[in-house]
Asks: 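If you scroll down you'll find the structure; I have some questions about it.
In what follows, chains are A, B, ... by sequence order, proteins preceding strands, each numbered from 1.
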There are 2 protein chains.
Amino acid sequence: MKSLLLKNVILARKNTDIRIRNGQFEKIAQNLTPEDGEDLFHANGTLAILPAFYNAHTHAAMTLMRGYADDLELFRWLSEMIWPLEAQLTPEDVYNGSRLAILEMIRSGTVFFNDMYWFQKQTVRAAEEMGIRACIGLLQLSNGNDNTDNEWLKENRNSFSSRIQTALAPHAIYTVDTETLRKTGEIASGQNALIHIHLAETKKEFDDCINQHNMTPVQYLDTLGLLTPRTILAHSIYLTEDDIKLIAKRNSITVHMPASNMKLASGRFPGETILKHHSRIALGTDGACSNNNLSMIEEMKLAALLAKLGSENPETFPAPLVYDMASRRGAEAFGLHAGVIQEGYLADAILVDLNTPTMTPDFHTISNMVYAADPSVIDSVICDGKFLMKHRVIDGEQEILAAARESAHKLVERLKKC
Amino acid sequence: MKSLLLKNVILARKNTDIRIRNGQFEKIAQNLTPEDGEDLFHANGTLAILPAFYNAHTHAAMTLMRGYADDLELFRWLSEMIWPLEAQLTPEDVYNGSRLAILEMIRSGTVFFNDMYWFQKQTVRAAEEMGIRACIGLLQLSNGNDNTDNEWLKENRNSFSSRIQTALAPHAIYTVDTETLRKTGEIASGQNALIHIHLAETKKEFDDCINQHNMTPVQYLDTLGLLTPRTILAHSIYLTEDDIKLIAKRNSITVHMPASNMKLASGRFPGETILKHHSRIALGTDGACSNNNLSMIEEMKLAALLAKLGSENPETFPAPLVYDMASRRGAEAFGLHAGVIQEGYLADAILVDLNTPTMTPDFHTISNMVYAADPSVIDSVICDGKFLMKHRVIDGEQEILAAARESAHKLVERLKKC
């Protein structure tokens, strides 16, 4: 396979060259000599190479509903606005929404997303076409609509590129019945599968679980065999300290999504306590309806700021830690040897333009990325050894925007006709 | 004076033309005919015109220290890191830091900033050169260093452009003695002057004031004649409900800075209660050391999100309200008839590229601006009828970045030699 040589990038404040081959960082050293026929990229000493981002929980196609319903109480938001619109979604909508999401993710430096939604074939199609990594959930909803491509996913997952994986994805403990959850636990155990579930997002979910099962949501999940080292717990807000100890013991992964939790007034993720018990944390954006963007840069800042205010301690969640949650720790949760710019790691990276206002001065590049930057500082994005964006250009961007705009328009028109 | 005609911009979802003359929106209508010699700008129906932002509290030149010291406890942060570095500042540093700040502000759609810092002549110089509006504080600090240009400001303020105004700026009640504060109140009353002060930022400030004066910070300020309809109260976190009623009665302006308040773990601005008593709120970024950027777009999102989480009500601080705080309400606090795109208002505006991922789809442009956008969606910025940025180009950007980088580097080198 053809190799790629990055000339003169800044890594840990020093200029260096990096050779990428077979989707990995093969060699990092100064003054590497280009090989015959090798692709060359000149960073000219102004682009810093940094780990890319791994979005541990989202609903990509919800970008189509961005800004459609904001500033509403949670139940009204869902039942009056979001669910009726979602009922009108077609496979083509999910394709166009997924492409819009991937476009936005690439622009903001994200190379992987963990998705839970309907018509998953379309999200796989979009991810394969655009070169991003993804984990696609086999959605389970006891009383939801049946617009899933679960069977297709099961039949075809061995034909996907190495960038695409799947997870068992029971939606939540309040939307999937106990028997189905228990069976999912058994299947997961047999296949060593990833499990992706919303957990303990609201006070109501916690209280209802106590009332119905006489257990906390975390305890309930554990009795069903669903708390494993490959379980991704989206939200994880309402946890007791014993819950946190149990999550740590089982080595499951909590996913923090500060924007969504704040916007929906769900509550505050108990980050300091989770860290105290050495439990695992990744970051996610949630879907674009409750955020309303997919920028992991913004999510890092929110995570750091909210932890400081909530714990009344400005030393909590320092910038290097939240960057690690958004990159290496996220990648690791999905079994990816990535999120670190070192030989032998997967060749995923962002190239950041230091010659921009928010990256100036450059006392601490990571602090600037977490607290000052916005997606516009990202010049280029590499995933699996290939450029997804080069010098801010993403192939097909205008067509993707136009198709998403049309899908969103038609979606609302269909709803009006109901 | 030469007029400027904006052709085919989107205003309130409709295409229109806008003629700007003498720094005001003169005529807004469809199909305006260009006049002889008039400047023309073609928006081609893809740029929305929206109010620009008014940053109600910052310390512009602190951009030079961006990322220098983060994730530290407040007192250690100030006494060990920030103050020693600030003691090394030269007028040239403040000039270069102010230019970097203004560059960043223009890129993020800000056309006015309310500043409190040293060597103010340099900030005036930078603002005049770059065409932005500013209010420059006559800094009072009973025990601070005397690197102010207060006398120069007093002598020269009548020669400034109409974009520059000044305020009396006692730093805070804990850094300025009672007699000086009282005199400032008298001077302000005589001149109908703007007053700009940090107030009730920390629990300690509140408790100390009660202990020393047997009054809350707000009550104390009122007894000194400093609570007026032209008083800008930066932070305003630790307020009793009676304080809020008093602020409302005096018609003073509170400035909310969620990023800084969260990053330093200062506390939460009581926004819902302030709104309940119909009191005035503007938004600010604070300096780049405690934020660490100057983006009012990010500040709007943080304000909305933090209010929702803190009040446990997702309907609090809806997008149109926070946009109004960041624009019209901020402008009004400083006596500017601006922040609205209507005939007769000051010709300040941003032109937003709707053909971008975060502005797609366009169900609610303001929701997208508050919850989804980042500064990269801003194509052009108009202040006082002139372009500060046109199609993302700001004159002299590279030179400003290079000068700021050099100033920051030398500043730290000087400190090391101490």
Side-chain angles (χ1 to χ4, degrees), chain A residues 63-68 70-74 77 100 103-104 107 259 261-268 288 291-293 295 298 301-302 304-306 308-309 311-315 317-319 355-358 360-364 367-368 371-376 398 401 404-405 408-409 412, chain B residues 63-68 70-74 77 100 103-104 107 259 261-268 288 291-293 295 298 301-302 304-306 308-309 311-315 317-319 355-358 360-364 367-368 371-376 398 401 404-405 408-409 412:
Chain A
T63 47
L64 275 200
M65 297 169 234
R66 192 201 314 274
Y68 173 70
D70 291 313
D71 306 315
L72 294 172
E73 182 273 317
L74 179 67
W77 175 71
L100 174 59
L103 182 66
E104 191 195 334
R107 279 226 166 272
N261 301 163
M262 295 175 81
K263 186 157 181 277
L264 300 174
S266 308
R268 189 172 82 79
N291 184 318
N292 296 350
N293 64 38
S295 165
E298 196 176 273
K301 182 166 183 176
L302 280 171
L305 263 49
L306 184 58
K308 291 171 198 308
L309 181 69
S311 66
E312 300 181 19
N313 177 5
E315 300 186 356
F317 271 49
N355 203 22
T356 45
T358 53
T360 303
D362 182 28
F363 286 122
H364 290 287
S367 253
N368 282 351
Y371 295 125
D374 60 64
S376 69
Q398 289 307 311
L401 291 174
R405 208 174 288 127
H409 177 73
V412 173
Chain B
T63 47
L64 276 200
M65 296 170 235
R66 191 200 317 271
Y68 173 71
D70 291 312
D71 306 314
L72 295 172
E73 182 274 317
L74 178 67
W77 174 71
L100 174 60
L103 183 64
E104 191 194 334
R107 280 224 166 273
N261 300 163
M262 294 176 82
K263 186 157 183 274
L264 299 174
S266 307
R268 190 172 82 79
N291 185 316
N292 298 343
N293 64 39
S295 165
E298 196 176 272
K301 181 166 183 176
L302 280 171
L305 264 49
L306 184 58
K308 291 171 198 307
L309 181 69
S311 66
E312 300 180 18
N313 177 5
E315 300 186 357
F317 272 49
N355 203 21
T356 46
T358 53
T360 303
D362 183 29
F363 287 121
H364 290 288
S367 254
N368 281 351
Y371 295 125
D374 60 64
S376 69
Q398 290 307 312
L401 290 174
R405 209 173 286 128
H409 177 73
V412 173

Asks: Could you check which of B:Ala404, B:Pro375, B:Ser295 has the highest count of heavy-atom pairs closer than 4.5 Å to chain A?
Replies: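 Going by pairs under 4.5 Å, I would pick B:Pro375.
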Asks: Which region of B:Ala288, side chain (C-beta onward) or backbone (N, CA, C, O), has a non-hydrogen atom less than 4.5 Å from a non-hydrogen atom of chain A, or is it both or neither?
Replies: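 Looking at B:Ala288, nothing touches chain A.
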Asks: Rounded to the nearest 0.5 Å, what separates atom CZ in A:Arg405 from atom OG1 in B:Thr360?
Replies: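 These two atoms lie 4.5 Å from each other.
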Asks: If every non-hydrogen atom of B:Gly67 is compared with every non-hydrogen atom of A:Ser367, which pair is closest and at what distance?
Replies: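 Nearest pair, atom of B:Gly67 first, then A:Ser367: CA-CB, 4.3 Å.
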Asks: Side chain from CB out, backbone as N, CA, C, O: work out which of these in B:Thr63 comes under 4.5 Å of a heavy atom of chain A, or both, or neither.
Replies: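 Answer is backbone: N, CA, C or O of B:Thr63 sit under 4.5 Å from chain A.
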Asks: What residue, out of A:Pro314, A:Gly267, A:Ala265, has the most heavy-atom pairs lying under 4.5 Å from chain B?
Replies: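 Looking at each option in turn, the highest pair count goes to A:Pro314.
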Asks: Rounded to the nearest 0.5 Å, how far does CG of A:Leu305 lie from CZ of A:Phe317?
Replies: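 A:Phe317 CZ to A:Leu305 CG: 12.0 Å, rounded to 0.5 Å.
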Asks: When only pairs under 4.5 Å are counted, which of B:Ser376, B:Ser266, B:Ala373, B:Ala372 shares the most heavy-atom pairs with chain A?
Replies: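 Greatest number of close heavy-atom pairs with chain A: B:Ala372.
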Asks: Is chain A contacted by the side chain of B:Asn313, its backbone, both, or neither, given a heavy-atom distance below 4.5 Å?
Replies: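 Just its backbone gets close to chain A.
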Asks: Pick whichever of A:Asp362, A:Asp71, A:Leu309, A:Leu72 has the most heavy-atom pairs under 4.5 Å with chain B.
Replies: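 Most heavy-atom pairs under 4.5 Å with chain B: A:Asp71.
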Asks: If we define contacts as heavy-atom pairs under 4.5 Å, which of B:Asn368, B:Leu64, B:Asn291, B:Asn355 has the most with chain A?
Replies: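 It is B:Asn355.
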Asks: Can you tell which part of B:Asp374 gets under 4.5 Å to a heavy atom of chain A, answering side chain, backbone, both or neither?
Replies: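 Just its side chain gets close to chain A.
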Asks: Quick check for you: among B:Leu302, B:Asn293, B:Val412, which has the greatest number of heavy-atom pairs under 4.5 Å with chain A?
Replies: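 The candidate making the most pairs under 4.5 Å is B:Asn293.
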Asks: Using non-hydrogen atoms only, which part of B:Arg107 is less than 4.5 Å away from chain A: side chain, backbone, both, or neither?
Replies: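 Side chain only.
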Asks: Does any heavy atom of chain A fall under 4.5 Å from the side chain of B:Leu264, the backbone, both, or neither of them?
Replies: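 The backbone, not the side chain.
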Asks: At a 4.5 Å cut-off on heavy atoms, which part of B:Ser311 comes close to chain A: side chain, backbone, both, or neither?
Replies: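 Neither part, no heavy atoms under 4.5 Å.
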Asks: Determine the option with the most heavy-atom pairs under 4.5 angstrom with chain A, choosing from B:Lys263, B:His364, B:Glu73, B:Met65.
Replies: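 It is B:Lys263.
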Asks: Heavy-atom pairs under 4.5 Å with chain B - which of A:Arg268, A:Glu315, A:His409 has more of them than the others?
Replies: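 Among A:Arg268, A:Glu315, A:His409, the one with the most close pairs to chain B is A:Glu315.
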Asks: Of the backbone (N, CA, C, O) and the side chain (C-beta and beyond), which part of B:Ala304 lies under 4.5 Å from a heavy atom of chain A, both, or neither?
Replies: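 Neither part; nothing is under 4.5 Å.
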Asks: Is B:Leu306 in contact with chain A via its backbone, its side chain, both, or neither, using a 4.5 Å heavy-atom distance?
Replies: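 Both backbone and side chain.
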Asks: Supply the atom-to-atom distance A:Thr358 OG1 to B:Asn292 CG, rounded to the nearest 0.5 angstrom.
Replies: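 A:Thr358 OG1 to B:Asn292 CG: 10.5 Å, rounded to 0.5 Å.
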Asks: Atom CZ in A:Arg66, atom CD in A:Glu104: separation rounded to 0.5 Å?
Replies: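 Output value for this atom pair is 4.5 Å.
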